[in-house]
Amino acid sequence: MTLPALLENRLRLPVVAAPMFLVSDPTLVTACCNNGIVGSFPALNQRDSNGLRTWLEQIRAGLVKDAAPYAVNLIVHASNPRLQADLKICVEQQVPIVITSLGAVKDVVDAVHSYGGLVFHDVTTRRHAEKAAEAGVDGLIAVGAGAGGHAGTWNPFALVAEIRQFFDKTLLLAGCINHGHEILATQILGADLAYMGTRLIATQHNGADDAYKQMILQAKAADIIHTPAVSGVPASFMRQSLEQAGYDLNQLQNKADINYGEKLKPINDEAKAWKTVWSAGQGVGGIEDLPSIEELIKRLDAEYRTALQRCQQLRLQAQ
Ligand SMILES: Cc1cc2nc3c(=O)[nH]c(=O)nc-3n(C[C@H](O)[C@H](O)[C@H](O)COP(=O)(O)O)c2cc1C
């Protein structure tokens with residue numbers, strides 16, 4: 001179990017709020033950090049790099065004295081024309097944690113390390129994890145099967161076990177985490193932090209439409225379809241929204257092109273797709289309300305403590 005000094009004694013719960021395209025905004029980030037978990041957002045949620053700077057200033061202005069650190073997600077892919085400009089802003093603004101997706105590149109890691117920042121990289125297989133470890137990242141985010149967004153297909157037990165064979169730095173585990181006992185379960189498996197996405201969409205203040213949140217409340221795990229048809233990278237979407245957007249469910253194994261540059265245009269297929277086809281993980285079936293972030297974290301905290309007591313009872317029974 002390894003937590004970097006930056007996070008040691010800074011968190012109320014061992015949780016990072018995952019960055020979510022078109023959902024995570026400064027309100028969500030500051031609410032998470034001010035209630036003791038790491039808040040994050042994808043740089044591409046702002047329309048340009050100056051906008052990214054504005055959001056960072058806005059987030060910092062909204063943080064209370066003992067707030068948890070925040071993170072920015074950069075898509076490291078040749079099709080993202082903003083990568084260098086956004087990275088420059090992260091360095092200039094000394095963003096505490098940079099979460100990289102798709103590519104793990106030593107130059108990006110070195111740039112963030114130059115001011116003492118941390119790089120966490122998300123992975124879905126052992127090979128990706130090995131490459132990211134070679135690039136010198138400080139943490140790996142194991143994105144298991146059933147997660148929202150660009151989910152993996154590996155069982156989380158298998159993914160964590162294999163990554164822990166060669167990686168002893170910070171490990172985060174993602175996929176279907178909605179409750180305090182699931183947060184503790186990630187630690188028992190060998191991870192250090194839980195990485196939560198879908199649960200945070202179904203809360204009061206973020207960039208998601210109300211109809212999106214309502215669909216999450218209605219959906220069950222069986223409604224989640226993992227398909228490369230929307231983004232080019234396999235991602236999890238709710239069947240109801242794919243149908244509403246006119247997708248032919250029989251065609252969903254056809255791969256779309258990967259193009260993060262497309263996300264920058266106000267009207268285009270990729271951004272329109274994520275705006276109208278709503279992503280969520282298989283954890284939807286365990287989400288039943290739309291609390292504020294403060295209420296949710298308070299509840300997670302109580303559930304986490306109850307789960308710890310249960311472990312204590314199990315330990316006594318095992319003696
Ligand atoms: C709507 C949505 C958008 C997402 N956008 C991104 C993104 O832009 N960058 C990224 O690294 N991960 C993205 N993800 C993945 C999350 O960061 C995280 O890995 C995932 O949500 C965790 O699984 P869970 O949703 O089951 O909790 C997205 C997930 C969702 C649900």
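We count ligands from 1, going down the list as the structure has it; atoms in each ligand are counted the same way. Fair warning: this is a prediction, and the values are worked out from it, not measured in the lab.
- Not a single heavy atom of Gly283 lies less than 4.0 angstrom from ligand 1.
- Few gaps surround OH on Tyr115; more than 12 heavy atoms of other groups in view lie less than 6.0 Å from it.
- Between the side chains of Asn73 and Ser40, no donor N or O sits under 3.5 Å from an acceptor N or O.
- To the nearest 0.5 angstrom, Ile97 atom CD1 is 12.0 Å from Cys90 atom SG.
- The backbone N or O of Ser279 sits less than 3.5 Å from a side-chain atom of Tyr212, completing a donor-acceptor pair.
- Considering backbone and side-chain atoms alike, Phe21 places an N or O below 3.5 Å from some N or O of ligand 1.
- Note: no N/O pair closer than 3.5 Å links Tyr212 and ligand 1 by distance alone.
- Applying the side-chain contact (heavy atoms from CB on, under 4.5 Å) test between Phe120 and each of Leu140, Leu171, Thr170, Val137 identifies Thr170 as the sole match.
- In terms of N/O distances under 3.5 Å, ligand 1 is not approached by Ile201.
- Residue-to-ligand polar distances place Pro19 within reach of ligand 1: an N/O pair is separated by less than 3.5 Å.
- Distances from ligand 1 to the non-hydrogen atoms of Trp278 include no value under 4.0 Å.
- Near Ser101, the atoms of ligand 1 lying under 4.0 angstrom from a non-hydrogen atom of the residue are 10 (C), 11 (O).
- Residue Ala147 has at least one heavy-atom neighbour below 4.0 Å for each of these atoms of ligand 1: 23 (O), 26 (O).
- Between Ser279 and ligand 1, no N or O atom pair is found at a separation short of 3.5 Å.
- Below 3.5 Å of separation, one finds an N or O of Asn73 facing an N or O of ligand 1.
- Below 4.0 Å from some heavy atom of Met20 lie the following atoms of ligand 1, by number and element: 2 (C), 3 (C), 4 (C), 5 (N), 6 (C), 28 (C), 29 (C), 30 (C), 31 (C).
- Near Gly175, meaning under 4.0 Å from any of its heavy atoms, are these atoms of ligand 1: 23 (O), 26 (O).
- The environment of CZ in Arg299 is crowded: more than 12 heavy-atom neighbours from other residues, nucleotides or ligands sit within 6.0 Å.
- Proximity of a side-chain donor or acceptor of Thr203 to a complementary backbone N or O of Arg199 within less than 3.5 Å is not detected.
- At a heavy-atom distance under 4.0 Å, no atom of Leu22 approaches ligand 1.
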### Task
List the steps and the verdict of side-chain contact (heavy atoms from CB on, under 4.5 Å) for Phe237 and Ile225.
CA-CA 5 Å; Phe237 296 97; Ile225 296 181; 5.5 Å; no
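- Glu243 has a carboxylate O that lies under 4.0 Å from a charged side-chain N of Arg239, or vice versa, which qualifies the two as a salt bridge.
- With respect to the salt-bridge test (charged N to carboxylate O, under 4.0 angstrom), the residues Glu57 and Arg60 do not qualify.
- Of all atoms in ligand 1, numbered sequentially from 1 with element shown, those under 4.0 Å from a heavy atom of Ala18 are 16 (C), 17 (O), 18 (C).
- Residue-ligand proximity, Pro42 to ligand 1, at heavy-atom distances under 4.0 Å covers atoms 8 (O).
- Shown in contact with Asp122 at under 4.0 Å from a heavy atom are these atoms of ligand 1, numbered in order with element: 11 (O).
- When only interatomic distances are considered, the shortest N/O to N/O separation between Ala280 and ligand 1 does not fall below 3.5 Å.
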### Task
Decide salt bridge (Lys or Arg N to Asp or Glu O under 4.0 Å) for Arg126 and Glu130; before the verdict, give the C-alpha distance in whole Å, the side-chain angles of both, and the deciding distance to 0.1 Å.
CA-CA 6 Å; Arg126 180 188 182 123; Glu130 284 170 346; 2.8 Å; yes
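- By the 3.5 Å distance cut-off applied to N or O atoms, Cys176 is counted among the residues near ligand 1.
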